[in-house]
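So the structure is just underneath, and the comments pick up after that.
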Amino acid sequence: MATLIRGKEVAAEVLKAAKNDVDALLAQGVMPCLAVILVGDDPASRVYVNKKKEKCEELGIRSLEYKLPAEATQEELLRLIGELNGDKSVHGILCQLPLPKHLDEQLTVRAVAREKDVDGFTCLISSGGEDLMPCTPAGVMEMLKFAGISPRGKKCCVIGRSNIVGKPMAMLLLGADGTVTVCHSKTENLPAVTREADILIAAVGKPRFVTADMVKDGAVVIDVGVNRGADGKLLGDVDFDAVEPKASYITPVPGGVGPMTIAMLMKNTVRAAKAQSRV
């Protein structure tokens, strides 16, 4: 039976460290500030924004919300981002995705100043610099560290090549000295590739996509997927019941990677505040 890696436990450690840093910044007269931009009235986005606001309040981070109507123009959105980029009291900027279809998400994301991009979407991981890391992949790395699992020398396989998770996940594993393979919809004989992995990370967005025959005995399996089943229940990209007996470690859905995303957002916001205030 696999050992479960629960995100709530890891997130608690990350948030505890973030709170200590916030207290130290406040003692020196610096209040970390996160500005969140919400365009339109998407119910799921509203829930996510509220959760981020609540977590900011818990840690003592100032939270600002900028609400734009669904019909807002690209120019209006970019103007707001430009104003926040120039506001020295704002340390982090987050534009809640998805945006209404008439707006360009890539153009919007790239408009955020790199030092304030707490989502980590504009980071240059391969540069080896001090860029803020994308929250979900960075959260996965924290979970591996928490469980005492090092990617060094291991065969690591990432299923999915999105700019938000798949690609940065691969770069972070490579930076930790893993031997990394990235699989996608054009990968031939996918099960043969994934069965080679010591660490298998599923970020494909398809419920129960990873089946037992795709997993090596004793592999570490990290499920980044969040999907809704026909009954409304949350499902991961991994067929948990079938895969769990073969894995050495595995993350559940819900309760696995999910809690890490907001925790890493808070960590990035505090890190950005420290860097910008030169503390």
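Residue numbers count from 1 along this sequence. Everything numeric here is computed off the predicted structure, so don't read it as measured data.
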Exercise. For Arg6, does the CZ atom sit with more than 12 other heavy atoms under 6.0 Å from it, leaving out its own atoms?
Worked result: no
Are Leu77 and Ile37 packed together at the side-chain level, in the sense that at least one heavy-atom pair is separated by less than 4.5 angstrom? yes
- prompt: Are Leu84 and Val109 connected in a single hydrophobic cluster, I mean Ile/Leu/Val/Met/Phe/Trp/Tyr linked by side-chain heavy atoms less than 4.5 Å apart?
  reply: yes
Exercise for the section: Report, as yes or no, whether the 6.0 Å neighbourhood of atom NZ on Lys246 holds more than 12 heavy atoms from other residues, nucleotides or ligands. Expected result: yes
message = Starting from Val30, can I reach Ile61 by hopping between I/L/V/M/F/W/Y residues whose side chains sit under 4.5 Å apart?
response = yes
Exercise. Is the backbone N or O of Ala2 less than 3.5 Å from a side-chain atom of Glu244, with the two atoms forming a donor-acceptor pair by type?
Worked result: yes
- For the residue pair Arg62 and Leu34, establish whether any side-chain heavy-atom pair is separated by less than 4.5 Å. no
Cluster membership besides Met1, Ile/Leu/Val/Met/Phe/Trp/Tyr side chains within less than 4.5 angstrom, sorted by chain and number, is none
Checklist entry - Do Lys67 and Asp41 meet the salt-bridge criterion of a basic N to acidic O distance under 4.0 Å? => result yes
Enumerate donor-acceptor pairs with a distance under 3.5 Å from any side-chain N or O in residues 210-222 to protein atoms, sequence neighbours excluded.
| residue | atom | partner | partner atom | Å |
| --- | --- | --- | --- | --- |
| Thr211 | OG1 | Asp213 | OD1 | 2.4 |
| Lys216 | NZ | Asp198 | OD1 | 2.6 |

Here the pair of heavy atoms bringing Thr108 nearest to Leu99 is OG1-CD1, 3.6 Å
Practice problem: May I ask you to decide whether Arg79 forms a salt bridge with Glu83, counting only side-chain N to carboxylate O separations under 4.0 Å? | Solution: no
Interatomic distance, CE@Met266 vs CZ@Arg271, rounded to 0.5 Å, equals 15.5 Å
Side chains of residues 133-147: which donor-acceptor partners sit under 3.5 Å, not counting sequence neighbours?
| residue | atom | partner | partner atom | Å |
| --- | --- | --- | --- | --- |
| Thr136 | OG1 | Thr261 | OG1 | 3.0 |
| Glu142 | OE2 | Lys267 | NZ | 2.8 |

Value for CZ (Phe240) from CZ (Arg208), rounded to nearest 0.5 Å, stands at 11.5 Å
Value for CG (Asp119) from CG (Leu132), rounded to nearest 0.5 Å, stands at 10.0 Å
### Carboxylate-amine/guanidinium contact Lys16 Glu13, below 4.0 Å
no
Pair Asp42 + Arg46: basic N to acidic O under 4.0 Å: no
Considering only heavy atoms from C-beta outward, does the side chain of Ile149 approach that of Tyr249 to under 4.5 Å?
yes
Review point. Does a side chain donor of either Gln96 or Lys52 reach within less than 3.5 Å of an acceptor in the other side chain?
Key: yes
Separation between CD1 (Ile262) and CD (Glu54), nearest 0.5 Å, reads 8.5 Å
Close side-chain approach of Val39 and Pro100, heavy atoms under 4.5 Å
yes
Can any side-chain N or O of Asp237 pair as donor or acceptor with the backbone N or O of Phe209 at less than 3.5 Å? no
